[in-house]
Amino acid sequence: MKVKSYVLANDPAMRPYARLVNKEASEAIRMIARLIPVVDVDVIIMHSPGNVAFGIISAQTQSKNHLVVALNVKHEQFKKNLRVELRKALAHGLYHIARMQKIGNSKTLIAYCLNA
């Protein structure tokens, strides 16, 4: 299995955007997965404005197989900036996962290179 995304659409605020978010996420993941080696990853995408520090999107790498993307669909710039911000968040989060899958979670890339 490669990367699979799940848009949690039961939140009433998220329902109107679920298809759009799913489409944008799927497209971004396909592009990113062609460039960096990630396998067996679940990406959970949900409306969770309390977990977005600023802007419309925040992503957190939970483990080498799990990325959580929080959206603020009520932000005034959400629809306008969704594509760019979602691609940035997914690329960044999946990069961390690719690194964790390759060298482990306890090492930084710098530490790995210095001790190799």
Side-chain angles (χ1 to χ4, degrees):
M1 180 170 96
K2 291 280 187 184
V3 180
K4 193 160 184 159
S5 63
Y6 305 89
V7 176
L8 305 185
N10 283 327
D11 185 318
M14 183 65 160
R15 282 188 198 129
Y17 304 104
R19 283 186 182 207
L20 175 62
V21 169
N22 187 50
K23 176 184 170 276
E24 293 295 343
S26 295
E27 184 178 317
I29 289 168
R30 273 193 300 278
M31 291 170 51
I32 295 161
R34 278 186 262 154
L35 300 172
I36 59 175
V38 289
V39 295
D40 300 332
V41 178
D42 288 323
V43 178
I44 310 301
I45 304 170
M46 68 183 125
H47 173 63
S48 184
N51 290 314
V52 179
F54 59 90
I56 64 169
I57 296 176
S58 179
Q60 184 177 19
T61 303
Q62 301 285 313
S63 71
K64 66 180 185 174
N65 303 97
H66 187 203
L67 177 65
V68 175
V69 179
L71 309 176
N72 182 359
V73 301
K74 294 185 177 186
H75 190 282
E76 62 187 29
Q77 298 294 315
F78 178 75
K79 282 187 77 173
K80 178 181 177 188
N81 295 329
L82 174 64
R83 175 176 283 175
V84 170
E85 295 301 319
L86 186 56
R87 287 181 180 189
K88 289 191 312 189
L90 289 168
H92 186 89
L94 291 172
Y95 164 78
H96 280 285
I97 287 176
R99 192 185 78 217
M100 289 167 65
Q101 288 180 349
K102 181 69 176 176
I103 66 170
N105 190 27
S106 61
K107 297 179 183 178
T108 66
L109 190 54
I110 293 168
Y112 180 80
C113 291
L114 293 174
N115 295 320

Inset, instruction - Decide whether Tyr6 and Val68 are clustered together by the hydrophobic rule: side chain heavy atoms of Ile, Leu, Val, Met, Phe, Trp, Tyr closer than 4.5 Å, transitively. - result: yes

Inset, instruction - Examine Val43 and Met14 and state if one hydrophobic cluster contains both, with Ile, Leu, Val, Met, Phe, Trp and Tyr joined whenever side-chain heavy atoms are less than 4.5 Å apart. - result: yes

Legend entry - Check: Asp40 main-chain N/O paired with Asn65 side-chain donor or acceptor under 3.5 Å: yes

Legend entry - side-chain contact (heavy atoms from CB on, under 4.5 Å) involving Leu8 - partner list, sequence neighbours excluded: Ile44, Met46

Of all the heavy-atom pairs spanning [X] and [Y], show the shortest one and how long it is.
{"X": "Ala28", "Y": "Leu90", "answer": "CB-CD1, 3.8 Å"}
{"X": "Gly55", "Y": "His75", "answer": "O-CD2, 3.5 Å"}
{"X": "Arg15", "Y": "Ala9", "answer": "CG-O, 3.0 Å"}

Could you state the interatomic distance from [atom1] ([X]) to [atom2] ([Y]), rounded to the nearest 0.5 Å?
{"X": "Leu86", "Y": "Leu20", "atom1": "CG", "atom2": "CG", "answer": "9.0 Å"}
{"X": "Gln101", "Y": "Ser63", "atom1": "CD", "atom2": "OG", "answer": "9.0 Å"}
{"X": "Ile97", "Y": "Arg99", "atom1": "CD1", "atom2": "CZ", "answer": "11.0 Å"}
{"X": "Tyr95", "Y": "Ile36", "atom1": "OH", "atom2": "CD1", "answer": "9.0 Å"}
{"X": "Tyr17", "Y": "Leu71", "atom1": "OH", "atom2": "CG", "answer": "11.0 Å"}
{"X": "Asn81", "Y": "Ile57", "atom1": "CG", "atom2": "CD1", "answer": "8.5 Å"}

Legend entry - Non-neighbouring partners of Lys88 that pass side chain to side chain donor-acceptor pair (under 3.5 Å), sequence neighbours left out: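 By the side chain to side chain donor-acceptor pair (under 3.5 Å) rule, Lys88 matches Glu85.
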
Inset, instruction - Kindly write out the residues that satisfy side chain to side chain donor-acceptor pair (under 3.5 Å) with Asn51, not counting sequence neighbours, or none if the list is empty. - result: Ser48

Inset, instruction - Sort and list the pairs that fulfil salt bridge (Lys or Arg N to Asp or Glu O under 4.0 Å) and have at least one residue in residues 20-38, not counting sequence neighbours. - result: Glu24-Arg83, Glu27-Arg87

Inset, instruction - Please name all residues satisfying salt bridge (charged side-chain N to carboxylate O under 4.0 Å, His left out) with Arg19, sequence neighbours left out, ordered by chain then number. - result: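 For Arg19 there are no salt bridge (charged side-chain N to carboxylate O under 4.0 Å, His left out) partners, ignoring immediate neighbours.
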
Inset, instruction - Could you tell me which residues satisfy ring pair (Phe, Tyr, Trp, His ring centres under 6.0 Å) with His66, sequence neighbours excluded, listed by chain and number? - result: none

Inset, instruction - Identify which one of Val69, Leu67, Val21, Ile29 satisfies the side-chain contact (heavy atoms from CB on, under 4.5 Å) criterion when paired with Ser5. - result: Ile29

